Amino acid sequence: MHDIVDLRSDTLTLPTPEMREAMARAEVGDDVWEEDPTVKRLEAMAAERLGKEAGLFVASGTMGNVVSVVSHTRAGQEVVLDLDSHIFNYEVAGAAVIGSVQMRPVKTARGFLSPEQVREAIRPENIHLPPTGLVCVENTHNRHGGTCCTPEEISAVAAVAHGASVPVHLDGARLFNAAVALRREAREFTRDVDSVTFCVSKGLAAPVGSVICGSAVFIARARRVRKMLGGGMRQAGVIAAAGIVSLERMVNRLAEDHANARTLAEGIARLPGLRVDLASVQTNIVIFAVERAGGAAGSTVATTDLVKGCAARKVKIHAIGPTSIRCVTHKDVDAEDIGRTLDAFAEITRKW
Ligand code: TLP
């Protein structure tokens, strides 16, 4: 039970005492000189877990994605990705600005491109057309509510892209949530992609950081791009040390977050005025709609009412649209907190 229940994101997790201890004791060096032993250990550990030759520690998931896109492409190429993807929606058009690439967003049913959609989106050779430089996939899918695609679905997309000599990048910010939920090894999801970014700063609870993994040649290129962006971090072992604890200790416990999300979603489904698609709740994200009698405008008012009413009860939730709310479970939210959240929802919606 916590004083404040913060469901706005799993990025709000606080480092564990073990992480703080590891950070204090971390052996460090200058990472730009590739002399920080703790950063190197995290990178090697991540690469090994994901079945890749090398890893690169970066400041954030956003940096991991932009470094990857820029490292795979050249100016004027096109990047095929899902319309609801994080890269397209929430990364400040970084790839367009820094990499001078054009985004080709494709509307998908569940956030995952099908092999047919990739085949259709890849440009044929023609003087008028931007050449396709990259295909991006996201797992778990943030805007679709933490939904997972299988390793086989990723491999099928990669087969089509590779057939056209186009590389594939996986935004696996919450890849370990997918691995735990589907009871598959993380490396199965990454087997056929050319690069992957995952975050240690979300459900894995480290304070800072993400790791890009790929071939040694790709990571060497990415290291230059990271430097160009000002991401060469010197004695970064101090923060990488927490990321090592994330990989060693925080992965299996994600199942608790998934169980809490399920309890929350099932509780929401029982409340009049709120609507949730239980099938979409596969990991630690619950996206639900506020549906108050009185139509869309009434619902918009109700959304604000719910967010404010929860805040007054020390429960923080986040509206991601006029009638849409996202709750994310994580290690700093326990089963009692979920009960308190559902009580708050029930009290507030009862008055509608
Ligand atoms: N997502 C954050 C916000 O930016 C929305 C969140 O609270 O969920 N890929 C995916 C799929 C993500 O969900 C995020 C972060 C990122 C990349 C970017 O990671 P950071 O925040 O470390 O730059």
Side-chain angles (χ1 to χ4, degrees), residues 4-12 61-62 65 81-94 96 103 105-113 138 140-148 171 173-174 177 202 257 260-330 333 337-338 340-352:
I4 293 174
V5 183
D6 202 333
L7 292 161
R8 289 171 301 165
S9 183
D10 48 6
T11 59
L12 289 138
T62 302
N65 284 333
L81 77 187
D82 160 57
L83 179 67
D84 291 322
S85 62
H86 196 277
I87 295 180
F88 183 61
N89 289 282
Y90 301 124
E91 299 190 6
V92 212
M103 291 293 156
V106 175
K107 173 106 189 93
T108 66
R110 301 161 44 234
F112 307 115
L113 296 158
E138 180 176 318
T140 66
H141 199 291
N142 184 341
R143 259 175 91 136
H144 280 263
T147 42
C148 311
D171 174 0
R174 297 185 179 84
N177 291 87
K202 300 199 164 61
D257 302 341
N260 284 334
R262 173 94 339 231
T263 308
L264 179 64
E266 284 169 359
I268 290 170
R270 285 193 287 270
L271 292 174
L274 305 181
R275 184 175 50 82
V276 62
D277 171 12
L278 286 174
S280 76
V281 184
Q282 298 171 4
T283 56
N284 68 329
I285 301 180
V286 181
I287 293 180
F288 62 95
V290 178
E291 280 193 335
R292 191 175 72 152
S299 302
T300 308
V301 173
T303 306
T304 312
D305 189 42
L306 190 65
V307 174
K308 286 196 174 152
C310 282
R313 291 165 175 82
K314 295 194 179 178
V315 174
K316 295 187 179 182
I317 58 171
H318 175 57
I320 55 166
T323 61
S324 181
I325 298 208
R326 185 185 79 156
C327 290
V328 187
T329 57
H330 52 76
V333 172
D337 298 332
I338 296 297
R340 220 173 100 198
T341 304
L342 286 170
D343 289 346
F345 288 177
E347 257 177 60
I348 297 161
T349 55
R350 199 175 297 136
K351 294 194 219 105
W352 292 352

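For reference, positions follow the sequence shown, starting with 1. Values in this document were obtained by computation on a predicted structure and should not be read as measured data.
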inquiry  = For the CG atom of N89 and the CG atom of L83, what is their distance to the nearest 0.5 Å?
reply    = 6.5 Å
ask   = Do N177 and T140 get their side chains close enough for a donor-acceptor pair, meaning under 3.5 Å?
value = no
query = Going through the checks in order, is the side-chain contact (heavy atoms from CB on, under 4.5 Å) test met by L7 and V286?
reply = CA-CA 10 Å; L7 292 161; V286 181; over 6 Å; no
ask   = At what distance, to the nearest 0.5 angstrom, does CG of N260 lie from CG of N284?
value = 10.0 Å
request  = Would you please test T283 and C148 for side-chain contact (heavy atoms from CB on, under 4.5 Å) and show each step?
outcome  = CA-CA 8 Å; T283 56; C148 311; 3.5 Å; yes
Taking every non-hydrogen atom, the tightest pair across V333 and D6 = CG2-O, 3.8 Å
inquiry  = Applying side chain to side chain donor-acceptor pair (under 3.5 Å), can you list everything that pairs with D343, at least two apart in sequence or on another chain?
reply    = none
ask   = Would you say D82 and V106 make side-chain contact, with heavy atoms under 4.5 Å?
value = no
message = Under the rule for side chain to side chain donor-acceptor pair (under 3.5 Å), what residues qualify as partners of T11, not counting sequence neighbours?
response = S9
ask   = Can you name the salt bridge (charged side-chain N to carboxylate O under 4.0 Å, His left out) partners of D337, sequence neighbours left out?
value = none
request  = Could you list the residues that satisfy salt bridge (charged side-chain N to carboxylate O under 4.0 Å, His left out) with R340, not counting sequence neighbours?
outcome  = none
Contacts of R313 that satisfy side chain to side chain contact (heavy atoms under 4.5 Å, CB included) - sequence neighbours left out = A344, E347, I348, K351
message = I need the full list of ring-ring contact (aromatic ring centres under 6.0 Å, His included) pairs touching residues 263-289, with sequence neighbours left out, sorted by first then second residue.
response = F288-F345
inquiry  = Quick check: do S324 and V290 have side-chain heavy atoms less than 4.5 Å from each other?
reply    = no
task = Applying side-chain contact (heavy atoms from CB on, under 4.5 Å), run through D171 and S85 and close with a yes or a no.
result = CA-CA 9 Å; D171 174 0; S85 62; over 6 Å; no
note = residues 317-327 vs salt bridge (charged side-chain N to carboxylate O under 4.0 Å, His left out), sequence neighbours excluded, gives none
message = Checking S280 now: which residues fulfil side chain to side chain donor-acceptor pair (under 3.5 Å) with it, not counting sequence neighbours?
response = none
Sequence-distant partners of K314, side chain to side chain donor-acceptor pair (under 3.5 Å), two or more places apart = D3
Straight-line distance of I4 CD1 to L12 CG, nearest 0.5 Å = 11.0 Å
query = Shortest non-hydrogen contact from G273 to W352?
reply = O-CZ3, 3.9 Å
message = Exactly one of V328, D257, T329 should register a side chain to side chain contact (heavy atoms under 4.5 Å, CB included) with I285. Which one does?
response = V328
remark   = To the nearest 0.5 Å, atom NZ of K202 lies from atom CZ of R174 at 5.5 Å
ask   = What are the two closest non-hydrogen atoms of I87 and M103, and how far apart are they?
value = CG2-CE, 4.3 Å
Side-chain donor-acceptor distances from residues 261-272 under 3.5 Å, at least two apart:
from	atom 1	to	atom 2	distance (Å)
R262	NH2	L278	O	2.7
R262	NH2	V281	O	2.9
T263	OG1	A259	O	3.0

Report all side-chain donor-acceptor pairs from residues 315-323 shorter than 3.5 Å, counting only partners two or more places apart or in another chain.
none

task = Begin from the C-alpha positions of E138 and H86 and carry the test side-chain contact (heavy atoms from CB on, under 4.5 Å) through to its verdict.
result = CA-CA 8 Å; E138 180 176 318; H86 196 277; 3.4 Å; yes
inquiry  = So, using side chain to side chain contact (heavy atoms under 4.5 Å, CB included) as the criterion, who are the partners of H144 when residues are at least two apart?
reply    = D84, H141, T147
